[in-house]
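A quick write-up on the structure given underneath.
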There are 2 protein chains.
Amino acid sequence: MRKSTLNAAEMRRFNRSLVLEHIRTGECSRIELAKKTGLTRAAISLIVDELLEEGILLQGSAISSSVGRRAVSLLLNPNAFYVVGLDISRTHYALGILDFCGKCLKQVKKRIDSRITAKDVLDEIKNEMLVMLENPPQGKLLGMGITAPGPLDVNEGKLLNPPNFEKWHGIPLVDYFKNILDCPVVLEKNSGALALAEKVYGAGRQYDSFFGLVVDTGIGGGFVNQGRLYRGSFGFGAEIGHTSVDCFGDMCDCGNNGCVELYASVPRILEWAVSLDSSFNDWKVIIDEAMAGNLLALNVAEREAEYLSCIITTIVQVLDVPAVVIFGDLTYKFELIQNLIREKVNSRILSRSLGGVEIKASRLTDAPAILASGNLIIENYIRAGDTI
Amino acid sequence: MRKSTLNAAEMRRFNRSLVLEHIRTGECSRIELAKKTGLTRAAISLIVDELLEEGILLQGSAISSSVGRRAVSLLLNPNAFYVVGLDISRTHYALGILDFCGKCLKQVKKRIDSRITAKDVLDEIKNEMLVMLENPPQGKLLGMGITAPGPLDVNEGKLLNPPNFEKWHGIPLVDYFKNILDCPVVLEKNSGALALAEKVYGAGRQYDSFFGLVVDTGIGGGFVNQGRLYRGSFGFGAEIGHTSVDCFGDMCDCGNNGCVELYASVPRILEWAVSLDSSFNDWKVIIDEAMAGNLLALNVAEREAEYLSCIITTIVQVLDVPAVVIFGDLTYKFELIQNLIREKVNSRILSRSLGGVEIKASRLTDAPAILASGNLIIENYIRAGDTI
DNA sequence: TTAATTTGTCAATCAATTTAACAAATGAGT
DNA sequence: ACTCATTTGTTAAATTGATTGACAAATTAA
């Protein structure tokens, strides 16, 4: 059952949010907004005036069309707000500040000393953050987004029990930073947040829905469904790394058999590759060799592509997405593995009509982890009307 | 990007739809509606008056609470509308009429002669239908819902290329009946429509989201997400039968390797069962034997449960649903296989916190296929405000 | 019988969009 | 240079639907 009913105020919030969303995907004029949203020019004018008044939008240059008065383009004011983004991984943390347009203004990435406690790491992050905020950028602090490996308790703002991450179990991440900053703080799975950032700033822009597949030490997923991050009933959705590619396969720590993570995560595929050729201890080496014509290396790439095509097929059959975007080490000289995966996937979904599935590499370059975490807050702001 | 913006008319449509939805899930009074929806009593009164005026609602008996004026319960008027439902399977068709509350008023189920053309079958169905409609029930004909095995082109209202269904390929089902009835006609995958009916009338009522798993000659799926049927980008979603339980397994007609349908569909598991004991040619026999202590039969049930638990785990990891509802032959004396599946699934998702997954049997008894197809139209009507 | 309580209705008000007229800006044709 | 059609944007009045707050109706308890 839908949560919220509608009244005039909700209606306004919703339409305002719609306007912001359209402008975020690209400068556009009032008239274009009216056409895209279906609102009248008058209504658009009222909403835009309000947003200009609040300093959230800027008027850009006049766009000349054929004849008639020139349309005035509207764009987000990057200095309207700023956000803090923090990504915590097993080995590092990345901390930074984004402006309202997602531009990274400041950033640090530091190794996490494996011997110190989570509390000490948090205190270190806190100090870094306070230094950054001594000379804050223009605008108001909108909030802080935190990303970490799943599974995590999004509502409580804590990590649950990700493997090899024991020291963080149960640490109240969100509360810790809420107490310091006194602003909204949200926690999200890193792979989900990455996919959402890709939707706004990267290769996902052209798709309404797509699946983001993060392949590195583990295999994670993020499902963008109709422009929004799919979270599932308990915030555990898109956990593709622990789906099986072999019903009776090896036992995984997670309880399942034959998890794809056991075969296709970077460490696991390298483990197998090294057994073929001891120089294959880096994915880049394998790709470079394969491109140079080394058949053994190509063999490794094919095997990796086979596993990934298997789960991508599952994703496509269940979610029916038009595209999958791949993140992580595999995007190195992507064409080779891309073609292998695309061929295998499209062969596996042969009987599905209406064309194949696009396989793309992430196009987030500048500090993707910080962008992904900070963007969570920008997203929440822009979609404030999005409670339906 | 969301399609529709909001104005006063949309707002009303939406709130009206919300009211209908609440009443459909159970009689309730104006005051309860106000509490549940968040609208004011005044707004509820206006909407309810309109619905009473249109004959869509009925006033029921007064509900006595402790003190004060008694609340008047409101319920859907079953005679406000009726719908036609048609399900086409490989061997049979089922045709019927439902009232607005989903009660089946008339029904026929007939074998499809494998030697006649699709056009002839349609003409036969048409004649059956016209006979039924000679003495139509009270109310207005709201539309016709058709269900068939996927994949199908929902927009064009045609079947695409389901295996063993060649004579139906490309037949313009929806247009055929639209021309006869002059009312809305929709086409949907049978497994999806079943899941949606289960949400409204069956075991899915208590869940906001769940997955329906149809196990018979094939394996189909339907994903109810936040009360709505998930369709995916091209209407192919929830196609769980052609996801792999073995990345390098047997080749399936669909193009994939190791599809679960190759191992766990009823014919396939029986094929294997018969090789163990020639009397195991019926799932009921296997279950009866297993319950009587036959270890070989239990072995068969365990193997079936193993395959299903593997794909249910995939479903849970990707979609994060709290429950899976199973349809089809497997629901015979369900407790045995239910317990096996539940144990195996919950063992496979061990590391996921926040409790296990419910495994339920469908509770649709009276003409589920007709209910599922006809309900599509009722659903569309009730959710008419649901364009957001 | 009265008071308290709950449910439901009504009229006035409010908030947001639409409608429709108008103003501003611009290029094309004369 | 001037006019005119065209496009973009603004404004005031009208419209629609929800809210507010008072009131009426119905019921139980005292």
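For the numbers below, each heavy atom of this structure counts, side chains included, while hydrogens, waters and symmetry mates do not. Convention: sequence-line order gives letters A, B, ...; per-chain numbering from 1.
When the C1' atom of D:dG9 is taken as reference, atom CG of A:Leu39 falls 15 Å away, rounded to whole Å. As rounded to whole Å, 16 Å separates atom P of C:dA25 from atom CD1 of A:Ile31. Going from atom CG of A:Asn15 over to atom C1' of C:dA15 covers 13 Å, rounded to whole Å. Taking atom CG on A:Leu52 and atom P on D:dG9, their separation rounds to 12 Å, with Å as the unit. Rounded to an integer number of Å, the gap from CD1 of A:Ile44 to P of D:dT7 is 19 Å. One can place CD of B:Glu50 at 13 Å from P of D:dT16, the figure rounded to the nearest angstrom. Going from atom CD of B:Glu32 over to atom C1' of C:dT6 covers 13 Å, rounded to whole Å. Rounded to whole Å, atom P of D:dA26 lies 16 Å from atom CD1 of B:Ile63.
Both A:Gly68 and B:Ser73 lie close to DNA chain C; mapped to their nearest nucleotides by heavy-atom distance, the more 5′-ward contact belongs to B:Ser73. The nearest heavy atom of DNA chain C to A:Ala62 and to A:Thr40 marks one nucleotide each, and the one closer to the 5' end goes with A:Thr40. With the nearest nucleotide of DNA chain D identified for both A:Arg70 and A:Ala42, A:Arg70 has the one nearer the 5' end. Both A:Asn7 and A:Asp49 lie close to DNA chain D; mapped to their nearest nucleotides by heavy-atom distance, the more 5′-ward contact belongs to A:Asp49.
No hydrogens or angles were tested; on distance alone, a donor-acceptor pair under 3.5 Å links the side chain of A:Arg69 to the base of D:dT8.
In this structure, A:Ala43 reaches the bases: a heavy-atom distance under 4.0 Å links it to at least one base atom across the strands shown. Contact annotation for B:Leu46: no contact, since no heavy-atom pair falls under 4.0 Å across all strands. Within the nucleic acid shown, A:Arg41 comes within 4.0 Å of at least one base atom, counting heavy atoms only. Across all strands, A:Ile47 comes closer than 4.0 Å only to sugar-phosphate atoms, never to a base (heavy-atom distances).
The B:Arg30 side chain lies nearest to C:dT9 when the options are D:dA18, C:dT9, C:dT17. In this structure, the nucleotide among D:dG9, C:dT9, C:dA16 sitting nearest to the side chain of B:Ser45 is C:dT9. The nucleotide whose nearest atom lies closest to any side-chain atom of B:Arg12 is, among D:dA18, D:dT8, D:dG9, D:dA18. Nearest to the side-chain atoms of A:Ala71 among the listed nucleotides C:dT7, D:dG9, C:dT17 stands D:dG9. Listed nucleotides D:dT16, D:dT20, C:dA28 differ in distance to A:Val67; the shortest reach to its side chain belongs to C:dA28.
The aromatic rings of B:Tyr230 and B:Phe223 sit tilted relative to each other, their planes meeting at an angle between 30° and 60°.
Take B:Glu53 and apply the salt bridge (charged side-chain N to carboxylate O under 4.0 Å, His left out) test, not counting sequence neighbours, and it matches no residue.
A salt bridge is absent between A:Lys35 and A:Glu32: the closest approach of a Lys/Arg side-chain nitrogen to an acidic carboxylate oxygen does not fall below 4.0 angstrom. One finds a salt bridge joining A:Arg16 and A:Glu50 here, because a Lys/Arg side-chain nitrogen approaches an Asp/Glu carboxylate oxygen to under 4.0 Å.
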Identify each donor-acceptor pair in which a side-chain atom of residues 73-84 of chain B lies under 3.5 Å from a protein atom, sequence neighbours left out, and give them as a table.
{"unit_1": "B:Ser73", "atom_1": "OG", "unit_2": "B:Glu27", "atom_2": "OE1", "d": "2.7"}
{"unit_1": "B:Ser73", "atom_1": "OG", "unit_2": "B:Ser61", "atom_2": "O", "d": "3.4"}
{"unit_1": "B:Asn77", "atom_1": "OD1", "unit_2": "B:Asn79", "atom_2": "N", "d": "2.9"}
{"unit_1": "B:Asn77", "atom_1": "ND2", "unit_2": "B:Gly55", "atom_2": "O", "d": "3.0"}
{"unit_1": "B:Asn79", "atom_1": "ND2", "unit_2": "B:Gln138", "atom_2": "OE1", "d": "3.3"}

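No side-chain N or O of A:Ser209 forms a donor-acceptor pair with one of A:Gln226 less than 3.5 Å apart.
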